[in-house]
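First comes the structure, then the notes that go with it.
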Amino acid sequence: MSKTENEPGESFDNTLEITLETVKERAVKGIIVLTGRTFLLQIMALIASIFLGIFLSPAEFGVFFVVSAVVNFLAYFSDVGLAAALIQTKKEVTDADLKTTFTVQQFIVITLLVVLFVFVPYFEAYYNLSHEGVLLFYALGISLLMSSLKTIPSVLLERELNFSRLVLPQVLETVVYHLVAVYFAWKGYGISAFTYAVLLRGIVGLIAMYLLKPWLPGLKFSKYSLKKLLKFGVPYQANTFLATIKDDGLTAFLGGILTPAGLGYLGWAQKWAKYPLRLFMDNVLKVTFPAFSRMQDSRDHLSNSVTRSIFFLCFLVFPSLAGFMILAPTLTEIIPRYEKWLPALVPLYIIGIDTVFATVTTQLTNTLNAIGKITVTFRLMIMWSVLAWVLIPVLALNFGYIGAAVGYALVSSSSIIAIIVTKHHINFSIKDSVFTPTLGTIVMAVILIVIRSFLPRNILSVIILSLTGMVVYMSTLRYLVGDSITGDVKKVAKNLFSKN
């Protein structure tokens with residue numbers, strides 16, 4: 001229990017004293033460090049995904065896709081926004097805050113696991129799962145518990161903006177997961193390859209996190225701490241709940257509409273269409289949420305930082321997405337046993353529209369959350385959720401997985417409303433953040449499509465197109481913005497190698 005219901009208790013960290021300039025420097029450094037290291041890991045993930053696509057069938061991918069969606073949906077209930085509240089708050093967190101969050105979260109997670117295991121027979125019948133699919137359910141449930149145990153050390157590192165250390169457990173988890181999954185898939189274990197990979201990933205990540213940020217878990221319950229954190233946490237979690245309903249909940253529902261192969265094609269298309277987001281977006285969001293939370297009282301600095309962060313994302317995501325879509329037909333032909341994914345190319349192109357809008361709007365909603373405008377994000381999420389549940393199932397019933405992909409694209413197009421709404425709260429610049437990368441990507445795409453028509457479909461053509469795309473894109477950007485690109489690179493290098 002806390003000292004009294006009105007006392008904040010013993011201070012645990014000193015991150016409140018970080019200056020605005022230090023926040024900006026650590027944010028830039030954090031983004032570059034996370035993106036650089038994650039880029040190397042994503043190369044490994046890319047290679048692993050190719051091998052998994054060779055060794056596993058579309059139906060097996062479909063089972064993993066739907067089972068993961070069900071567990072991710074339940075995972076929403078494992079937190080009531082307390083961890084986000086710990087990161088977002090401008091005040092110092094106390095030992096009571098941390099242990100109250102830990103206690104409440106573990107109680108909820110254990111309750112969820114009991115519910116999950118009780119209902120596994122129902123899921124087995126509804127999705128017609130094999131014994132291996134049921135074991136995957138149990139493995140993902142256990143991994144949820146291991147993930148929750150890492151929450152407090154992770155929060156403390158994020159409040160310190162110490163992303164160089166925070167990324168190390170993620171590195172180990174990624175390496176272990178993909179090596180194990182590919183090895184057992186190669187050995188013919190099918191869905192069980194994911195089961196072993198998920199369990200080992202959780203164990204390695206949990207041990208690594210506590211070694212890097214030691215924290216002694218303890219059970220404590222403070223009404224004062226809980227009430228304080230829930231003030232931000234409840235609306236934040238309500239917003240997350242709608243996002244979960246819209247994404248994983250809808251995917252679980254589509255598992256009863258589409259065939260396993262159809263769901264596998266849709267999941268494959270979503271995975272690759274959103275690959276550039278996973279490569280760059282996750283790192284930026286992880287850094288900018290605590291950084292923007294510290295800037296919420298300096299709106300001029302915040303507006304400029306939001307503009308620059310969106311430009312950074314568009315600069316990287318747009319050409320990566322366009323380049324992959326142009327190369328996709330060639331890759332499915334030259335990679336052994338990958339021709340089975342040819343039916344997934346059409347939904348890949350359609351879902352790419354969703355990725356384009358998400359590049360901008362995800363960072364905007366992240367910023368709204370950071371400055372405490374949770375209700376605005378919540379209303380936007382209501383809009384997206386209603387549209388998703390109205391359009392996607394209807395189109396899936398009538399046109400299969402292609403119809404579902406069209407539904408996702410239609411829902412994402414409503415993000416224009418989110419951009420307009422956000423402009424009322426943050427004076428960021430769409431022109432400075434989106435226009436230039438878009439124009440550069442269009443020029444690159446047109447040239448690559450023309451060149452592709454004259455090349456045979458082999459690995460040499462992929463290399464030629466990739467190198468040409470990079471040269472054309474960077475040359476176009478250099479022509480459009482001049483020396484500012486060089487200046488930005490110098491600023492990045494300065495922040496990256498600074499001691500802060």
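As the structure is a computational prediction, the values presented were derived from the model and not from experiment.
Inter-residue side-chain proximity for Glu132 and Leu136 is flagged as unmet; no heavy-atom pair is nearer than 4.5 Å. Annotation: side chain of Leu313 is not in contact with side chain of Phe318 (no heavy-atom distance under 4.5 Å). Counting only heavy atoms from C-beta outward, the side chains of Arg452 and Pro329 approach each other to under 4.5 Å. Two residues are said to be in side-chain contact when any heavy atoms from C-beta on lie closer than 4.5 Å; Met209 and Leu157 meet this criterion. For the pair Ser466/Leu327, a side-chain contact is recorded, criterion being any heavy-atom separation below 4.5 Å from C-beta on. Residues Pro169 and Lys150 are not in side-chain contact: their nearest non-hydrogen atoms beyond the backbone lie 4.5 Å or more apart. Here the side chains of Cys314 and Val360 are in contact, with some heavy-atom distance below 4.5 Å. For the pair Trp272/Phe324, a side-chain contact is recorded, criterion being any heavy-atom separation below 4.5 Å from C-beta on.
Of all heavy-atom pairs spanning Leu266 and Ala404, the tightest one is CD2-CB, 4.0 Å. Residue Ile310 comes nearest to Gln363 through the heavy atom pair CG1-CG, 3.9 Å, listed as atom of the first residue, atom of the second, then distance. Taking both residues in full, the closest heavy atoms of Ile351 and Gln270 are given as CD1-CG, 3.5 Å, listed atom of the first, atom of the second, then distance. For Ser413 against Phe357, the heavy-atom pair with the smallest separation is CA-CE1, 3.7 Å. What you find for Leu254 and Ala396 is that their closest heavy atoms are CD2-CB, 3.8 Å. Nearest heavy atom pair, residue Gln106 against residue Ser148, reads OE1-OG, 3.1 Å.
Environment of OH in Tyr189: sparse, with no more than 12 heavy atoms of neighbouring residues, nucleotides or ligands closer than 6.0 Å. Other residues, nucleotides and ligands contribute over 12 non-hydrogen atoms within 6.0 Å of the CZ atom of Phe117. Environment of CZ in Phe253: sparse, with no more than 12 heavy atoms of neighbouring residues, nucleotides or ligands closer than 6.0 Å.
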Please determine whether side chain to side chain contact (heavy atoms under 4.5 Å, CB included) holds for the pair Ile54 and Tyr338, giving the CA-CA distance in whole Å, both sets of side-chain angles, and the decisive distance to 0.1 Å.
CA-CA 6 Å; Ile54 293 172; Tyr338 238 63; 4.0 Å; yes
Phe51 and Tyr183: CA distance, side-chain angles, deciding distance, ring pair (Phe, Tyr, Trp, His ring centres under 6.0 Å) verdict:
CA-CA 10 Å; Phe51 279 109; Tyr183 174 78; over 10 Å; no
Derivation of the side chain to side chain contact (heavy atoms under 4.5 Å, CB included) call for Ile350 and Tyr408:
CA-CA 8 Å; Ile350 297 172; Tyr408 281 108; over 6 Å; no
Between Tyr138 and Leu116, does a side chain to side chain contact (heavy atoms under 4.5 Å, CB included) hold up when you go through it step by step?
CA-CA 8 Å; Tyr138 290 126; Leu116 175 65; over 6 Å; no
If you apply the rule side chain to side chain contact (heavy atoms under 4.5 Å, CB included), what do you find for Leu258 with Tyr265, and how did you get there?
CA-CA 10 Å; Leu258 303 174; Tyr265 292 137; over 6 Å; no
For the pair Phe123 and Phe137, evaluate ring pair (Phe, Tyr, Trp, His ring centres under 6.0 Å) and give the outcome as yes or no after the intermediate values.
CA-CA 9 Å; Phe123 293 126; Phe137 252 119; 5.2 Å; yes
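For the pair Tyr473 (side chain) and Phe315 (backbone), a donor-acceptor distance under 3.5 Å is present. Proximity of a side-chain donor or acceptor of Thr365 to a complementary backbone N or O of Thr362 within less than 3.5 Å is detected. At least one donor-acceptor pair closer than 3.5 Å links the side chain of Ser461 to the backbone N or O of Pro456. Side-chain N or O atoms of Thr259 include one that pairs as donor or acceptor with a backbone N or O of Gly262 at under 3.5 Å. A donor-acceptor pair under 3.5 Å is formed between the side chain of Ser385 and the backbone N or O of Met381. Between the Thr355 side chain and the Ala273 main chain, a donor and an acceptor come within less than 3.5 Å of each other. For Ser143 (side chain) and Leu140 (main-chain N/O), a donor-acceptor pair under 3.5 Å exists by modelled atom type.
For the atom pair CD of Glu333 and CD1 of Ile335, the computed distance is 11.0 Å after rounding to the nearest 0.5 Å. Annotation: the span from Ser412 atom OG to Leu410 atom CG amounts to 7.5 Å, rounded to 0.5 Å. Once rounded to the nearest 0.5 Å, the distance linking CG of Leu448 with CG of Leu455 reads 10.0 Å. Interatomic distance, CG of Leu52 versus CH2 of Trp186, reported as 14.0 Å (0.5 Å rounding). In this structure, the separation between CD1 on Ile108 and OG1 on Thr103 is 11.0 Å, given to the nearest 0.5 Å. One finds the OG1 atom of Thr359 at 4.5 Å from the CG atom of Leu277 (value rounded to the nearest 0.5 Å).
Applying the salt bridge (Lys or Arg N to Asp or Glu O under 4.0 Å) rule to pairs touching residues 103-116 yields nothing, sequence neighbours excluded.
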